[in-house]
Amino acid sequence: MALTAIKGFNDILPVEAGRWQHIEQAARRVFELNGFSEIRVPIMEKTELFCRSIGDTTDIVEKEMYSFTDKGENSVTLRPEGTAGVMRALIEHKLYALDPVARLFYLGPMFRYERPQKGRYRQFHQIGAEITGVHDPLVDAQLLNMLVQFFREIGLDEPQLQVNSLGCPECRPAYRKVLVCFLEQRLEALCEDCRRRMATNPLRALDCKVPGCIEATVGAPSMLDNLCQGCADHFAGVRRYLDATATPYSVNTRMVRGLDYYTRTTFEMVTGLLGSQSAVAAGGRYDGLIAQLGGPAIPGIGFAMGVERVALLLADQDFSDHPELFIATMGASERLFAFRLMHELLQTGVRTEMDYEGKSLKSQMRRADKLGARYSVVIGENEVASGRAVFKRMANGEQIDALLTVAEIRGFVCRSGNDLPA
RNA sequence: GUGGCCAUGGUGAAGCGGUUAACACUUACGACUGUGACUCGUACAUACGAGGGUUCGAUCCCCUCUGGCCACCCCA
């Protein structure tokens, strides 16, 4: 293979693209229904933006960023996630002044230098949504409901919603101390990674997959029991709103997020079908982020979902499109007639195909079948002369005698199930 | 960054020291000279990821490289 794509960078081939469009269209529909507007931000930002938002000591910043120095000696980075850029844009354009409640969604490629794996690639795609300016837990619940609605819309009920609260700068440090104290008493039982995590991010020990660690942390103190009054009330509010809409969810007190900016509510849509990449969508509140980036002290909450992962869950479904009509021709002399008919049908939105290369009738019919055309028609001398033809419904062989006019053809093509433009 | 597994045509794959490199799908054409699907026929890998080595001989054994997959770390 002489020239191939870069490791971890994938082509979305036509067979996949239909699936992707289905996902993107569903997201647009559901998000816009919920009052969100699209925002498009650059895929590259100053490196500093990500260091300051995601956190200097996170894995993403420490080892996964595509960073380089451009010709003007600036350190720039291909975005590893979407929230930072969107918040930068919000602040830069003072969108919060336009409307104190900003509801934004975005979609596009993200880049992380990791070893590729099932559902994980170096260039991957996220669809995300953010709400800024509202503290009330009502918006947490609306955002979650929107996410659940999205999955229902694309026909997936499998990913389950899990929620948790990570507390705030008030209560998290205290909880951290309590947890470290608990873990220190069981140091021997913990794996090497967890011992290392004690210093950096002890909460991760709760998320460890090593059996010994799972056992050792069974009775570990929970963040939820150590929330300050404000955070506890907020989390209770989120649950109350979710319950009010009968939204199915479970509380996972061991859920940990990888980005530093999360506060209070965090959540994931989890599936068991993608190996170790169980999170199909995830997010949380980031009440301190906007101020941290130099903006006003307004709160925010958002999520991102991995398009590749969603597409993987949909992999058994067919989203290909089929022509309504295939026009076969007997000989060269009928092709002009057929071409004009196809053109007229195309002008009115009827998906029509014909043979391009003067193949045999058998070949043309085979092609009509392969393309999944709903109807076929053979145009020969007689048809051209009489202006009538026998249309064949491919699914059952039914014959329909009809005039070779756009109006007549549209008459039965439209009646047979598809919605065509008027 | 670490570990395991794997690399044969457009695809899925058999072959495991000497073969015309099986079979299936796909594709093309035909059997039906104005009709697809089913069936049948014909065609389609100077070639087994790349480079070395062992051998009379290597797709099959060894080494290196490259690539892929999966898992860990971490994450959408």
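Note: hydrogens, waters and symmetry copies are ignored here, and every other heavy atom, side chains too, is used. Naming convention: chains lettered A, B, ... in sequence-line order (proteins, then strands); numbering from 1 in each chain.
Remark: B:A21 base-pairs with no nucleotide in the shown strands. Criterion, Watson-Crick or G-U wobble with two distances under 3.5 Å. Under the Watson-Crick or G-U wobble criterion, with both distances below 3.5 Å, B:G57 has no partner in any strand shown. Using N1 to N3 plus N6-O4 or O6-N4 for Watson-Crick, or N1-O2 and O6-N3 for G-U wobble, each under 3.5 Å, B:C73 pairs with nothing. For B:A43, the paired base is B:U27 (Watson-Crick or G-U wobble, both distances below 3.5 Å). Across all strands shown, B:C65 forms a Watson-Crick or G-U wobble pair with B:G49, both key distances being under 3.5 Å. Pairing for B:A13 is absent, judged as Watson-Crick or G-U wobble with the two contacts each under 3.5 Å.
Picking from B:G30, B:G3, B:G36 the nucleotide with the shortest atom distance to the side chain of A:Asp369 gives B:G36. Nearest nucleotide to the A:Gln126 side chain, out of B:C73, B:A76, B:U35: B:A76. Between B:C29, B:A37, B:C72, one nucleotide has an atom nearer to the side chain of A:Arg120 than all others, and that is B:C72. For A:Lys362, the listed nucleotide lying nearest its side chain is B:G30; candidates were B:G30, B:C73, B:A71. Here the nucleotide nearest the side chain of A:Glu114, chosen from B:A28, B:A71, B:C74, is B:C74. Of the candidates B:A76, B:C70, B:C74, the closest approach to any side-chain atom of A:Ala279 belongs to B:A76. With B:U27, B:G30, B:A76 as the choices, the nucleotide that has an atom nearest any side-chain atom of A:Lys370 turns out to be B:U27. Listed candidates were B:C72, B:G68, B:A76. Nearest to the side chain of A:Arg257 is B:A76. Side-chain proximity of A:Met330 to the nucleotides B:U35, B:A76, B:G34 is greatest for B:G34. Checking B:G34, B:C72, B:U35 against every side-chain atom of A:Asn382, the shortest atom distance belongs to B:G34.
Tested against A:Tyr286, the residues A:Phe303, A:Tyr262, A:Tyr261 include a single ring pair (Phe, Tyr, Trp, His ring centres under 6.0 Å) partner, A:Tyr261.
OP1 or OP2 of B:A71 sits under 4.0 Å from a side-chain N or O of A:Gln117. Considering only side-chain N and O atoms, A:Ser363 lies under 4.0 angstrom from the phosphate OP1 or OP2 of B:G30. For the OP1/OP2 pair of B:C29 and a distance below 4.0 Å, the side-chain nitrogens and oxygens of A:Lys359 include at least one atom meeting the criterion.
Using bins of under 30°, 30° to 60° and over 60° for the plane-to-plane angle, the ring pair A:Phe36/A:Phe31 lands in the tilted bin.
Looking at A:Thr83 and A:Glu130, their side chains do bring a donor and an acceptor atom within 3.5 Å of each other.
Applying the 3.5 Å distance criterion, the base of B:G68 shares no donor-acceptor pair with the side chain of A:Lys7. Scanning atom types as modelled, one donor and one acceptor separated by under 3.5 angstrom connect the side chain of A:Arg366 and the base of B:G30. For B:G34, the base has a donor-acceptor partner in the side chain of A:Glu383 [N/O atoms by modelled type, under 3.5 angstrom]. Looking at A:Arg112, its side chain has no donor and acceptor atom pair within 3.5 Å of the base of B:C74.
A 4.5 Å side-chain heavy-atom check between A:Ser53 and A:Gln292 finds every atom pair outside the cut-off.
Where A:Ala304 and A:Ser360 each meet RNA chain B at their nearest nucleotide, the meeting point lying more 5' is that of A:Ser360.
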Handout entry: Residue pair A:Ser165, A:Thr266: steps toward the side-chain contact (heavy atoms from CB on, under 4.5 Å) verdict
Key = CA-CA 6 Å; A:Ser165 177; A:Thr266 57; over 6 Å; no
Between A:Tyr96 and A:Leu90, does a side-chain contact (heavy atoms from CB on, under 4.5 Å) hold up when you go through it step by step?
CA-CA 7 Å; A:Tyr96 48 81; A:Leu90 177 100; 4.2 Å; yes
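Separating the CD1 atom of A:Ile214 from the P atom of B:C72 is a distance of 12 Å, rounded to the nearest angstrom.
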